[in-house]
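Take a look at the structure below.
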Amino acid sequence: MTAQQTAEQPLTEIEQHHYDTITERIGMNRLAAEEAAAKAEEAPVPAATAPTVPDPTAIRDAVTHQAVLGALLDEVKAAYAEARTDAEYLLTQQYKATGSTKVDAMLPDGTKVGSITRTPGETAAKVIDEDAFRAWVRDTYPTEHVVEAIPMRIVAKVQPGFAAKLLAEMTAAGRAQIADPTTGEIHDVPGVAIAPARAASTRITYGRKSKGQPLTGRELVAIAWRTTDLPARILPALAPAALTAAEAEPAAQ
């Protein structure tokens with residue numbers, strides 16, 4: 001039988017069935033793709049939505065609000081910094097003279113709104129001479145002294161973790177000394193000093209509501225600010241101008 005005769009041999013019934021099924025599926029897929037493409041072409045392209053312009057009045061009000069509060073905040077922050085500096089100085093002088101650290105804060109009419117407490121400063125061990133400290137560690141704890149080769153230079157230093165451990169121990173002891181945990185020997189550590197780490201400051205505590213006082217200290221301050229001459233006493237730059245007799249008369253009516 002020749003190759004041509006083999007190629008022209010009719011398909012069996014099963015082979016014909018498979019062939020018809022595959023052909024049908026290919027045709028259905030092609031039709032579905034063409035239909036989807038046609039729908040995509042027919043679908044209207046949504047127009048780009050233009051951004052909504054905010055109400056000009058709302059914009060102006062918001063900007064003015066921020067600008068006014070910013071100006072007021074600058075005045076308040078500057079005045080507060082000055083007042084805090086004065087209070088810290090006077091409380092420190094009082095502490096040195098009497099040992100007292102707390103003073104009540106009262107309005108001009110004697111109403112207590114809270115208290116201000118002087119918080120002490122803190123000291124900590126600091127390396128003030130890096131070379132002396134490093135040389136001591138090299139001679140006393142050689143394993144904690146390393147030499148690093150960096151391109152173009154060689155750097156000798158104390159292991160950071162070891163330095164932090166020593167400084168913490170000296171801070172706790174309050175002196176530039178450490179005790180060797182193995183021998184018990186007391187070492188004076190060169191290049192280290194106990195120096196101020198945080199200055200003394202003040203802490204404000206406002207009064208809370210109680211049976212005798214239904215308002216908090218902050219609320220009492222707010223009321224006094226609105227109804228008394230407190231603004232003129234505390235922050236003259238923001239105090240409302242005093243009304244003249246002619247201006248006050250219509251208001252009273």
Side-chain angles (χ1 to χ4, degrees), residues 70 73-107 112-208 216-218 221 234-235 237:
L73 180 62
D74 290 341
E75 287 286 347
V76 172
K77 288 173 65 176
Y80 178 78
E82 182 178 353
R84 181 172 182 171
T85 299
D86 291 344
E88 289 177 352
Y89 171 77
L90 293 172
L91 285 173
T92 297
Q93 297 302 109
Q94 174 182 268
Y95 172 73
K96 291 179 179 179
T98 66
S100 177
T101 61
K102 184 177 180 180
V103 175
D104 289 339
M106 295 186 292
L107 297 174
K112 180 180 176 180
V113 295
S115 62
I116 296 183
T117 304
R118 178 184 183 273
T119 56
E122 296 179 355
T123 59
K126 296 182 179 180
V127 176
I128 58 174
D129 187 333
E130 186 69 35
D131 292 337
F133 177 63
R134 186 175 64 249
W136 176 81
V137 172
R138 179 197 61 205
D139 298 337
T140 311
Y141 298 96
T143 59
E144 303 296 341
H145 181 270
V146 295
V147 176
E148 296 181 346
I150 300 176
M152 304 302 294
R153 63 194 179 102
I154 296 178
V155 178
K157 67 176 186 178
V158 178
Q159 294 281 23
F162 183 70
K165 175 177 176 294
L166 291 183
L167 292 175
E169 291 179 359
M170 288 183 279
T171 294
R175 54 183 181 275
Q177 294 179 330
I178 67 160
D180 189 296
T182 303
T183 65
E185 180 183 358
I186 302 298
H187 293 277
D188 291 319
V189 182
V192 175
I194 302 299
R198 185 175 66 83
S201 61
T202 55
R203 182 181 69 252
I204 303 175
T205 304
Y206 289 99
R208 299 181 179 180
T216 67
R218 292 178 184 273
V221 170
I234 303 299
L235 199 56

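This chain uses plain numbering: 1 for the first residue, then up along the sequence.
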Side chain to side chain contact (heavy atoms under 4.5 Å, CB included) between Val147 and Val155, worked out: CA-CA 6 Å; Val147 176; Val155 178; over 6 Å; no

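- More than 12 heavy atoms of other residues, nucleotides or ligands sit less than 6.0 Å from atom CG of Leu73.
- The two atoms that bring Pro190 and Ala132 nearest to each other are CG-O, 3.9 Å, heavy atoms only.
- Residues Leu91 and Thr101 form no side-chain contact, since every pair of their non-hydrogen atoms from C-beta on lies 4.5 Å or further apart.
- Within a 6.0 Å radius of CD in Gln93, other residues, nucleotides and ligands contribute more than 12 heavy atoms.
- Separating the CZ atom in Arg203 from the CD1 atom in Ile116 is a distance of 11.0 Å, to the nearest 0.5 Å.
- Taken to the nearest 0.5 Å, the NE2 atom of His187 stands 6.0 Å off from the CH2 atom of Trp136.
- Thr119 has its side chain out of reach of Thr202: every pair of non-hydrogen atoms, C-beta onward, lies at least 4.5 Å apart.
- Listed here is the closest heavy atom pair of Tyr206 and Gly217: CD2-C, 4.3 Å.
- Once rounded to the nearest 0.5 Å, the distance linking CD1 of Ile234 with OH of Tyr80 reads 13.0 Å.
- Residues Thr205 and Ser115 have side chains that never bring a donor and an acceptor to within less than 3.5 angstrom of each other.
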If you apply the rule side chain to side chain contact (heavy atoms under 4.5 Å, CB included), what do you find for Asp131 with Arg134, and how did you get there? CA-CA 5 Å; Asp131 292 337; Arg134 186 175 64 249; 2.9 Å; yes

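- The distance from atom OG1 of Thr140 to atom CD of Glu185, rounded to the nearest 0.5 Å, is 8.0 Å.
- The minimum heavy-atom distance linking Ala176 with Val192 is given by the pair CB-O, 3.5 Å.
- Residues Met106 and Lys112 come closest through the heavy atom pair CG-CA, 3.8 Å.
- You'll find the side chain of Thr92 reaches within 4.5 Å of the side chain of Arg118, heavy atoms only.
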Check against salt bridge (Lys or Arg N to Asp or Glu O under 4.0 Å), Lys157 and Glu148: CA-CA 8 Å; Lys157 67 176 186 178; Glu148 296 181 346; 3.3 Å; yes

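- In this structure a side-chain-to-backbone donor-acceptor pair under 3.5 Å is missing from Ser100 to Tyr95.
- Side-chain atoms of Val137 and Phe133, non-hydrogen and from C-beta on, do get closer than 4.5 Å to each other.
- Using a 4.0 Å cut-off between a side-chain N of Lys or Arg and a carboxylate O of Asp or Glu, Asp74 and Lys77 do not qualify as a salt bridge.
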Derivation and outcome, side chain to side chain contact (heavy atoms under 4.5 Å, CB included), residues Arg84 and Ser201: CA-CA 9 Å; Arg84 181 172 182 171; Ser201 61; 3.8 Å; yes

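- Annotation: the span from Ile186 atom CD1 to Arg175 atom CZ amounts to 7.0 Å, rounded to 0.5 Å.
- The two atoms that bring Leu235 and Glu75 nearest to each other are CD1-O, 4.3 Å, heavy atoms only.
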Could you pull out every donor-acceptor pair under 3.5 Å between side chains of residues 164-173 and any protein atom, sequence neighbours left out?
unit_1	atom_1	unit_2	atom_2	d
Lys165	NZ	Glu169	OE2	2.8
Thr171	OG1	Ala125	N	2.8
Thr171	OG1	Leu167	O	2.8

Could you please spell out the steps behind the side chain to side chain contact (heavy atoms under 4.5 Å, CB included) verdict for Val103 and Gln94? CA-CA 10 Å; Val103 175; Gln94 174 182 268; 3.5 Å; yes

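- Summarising the geometry, atom CZ belonging to Arg138 is positioned 15.0 Å from atom CD belonging to Glu144; distances are rounded to the nearest 0.5 Å.
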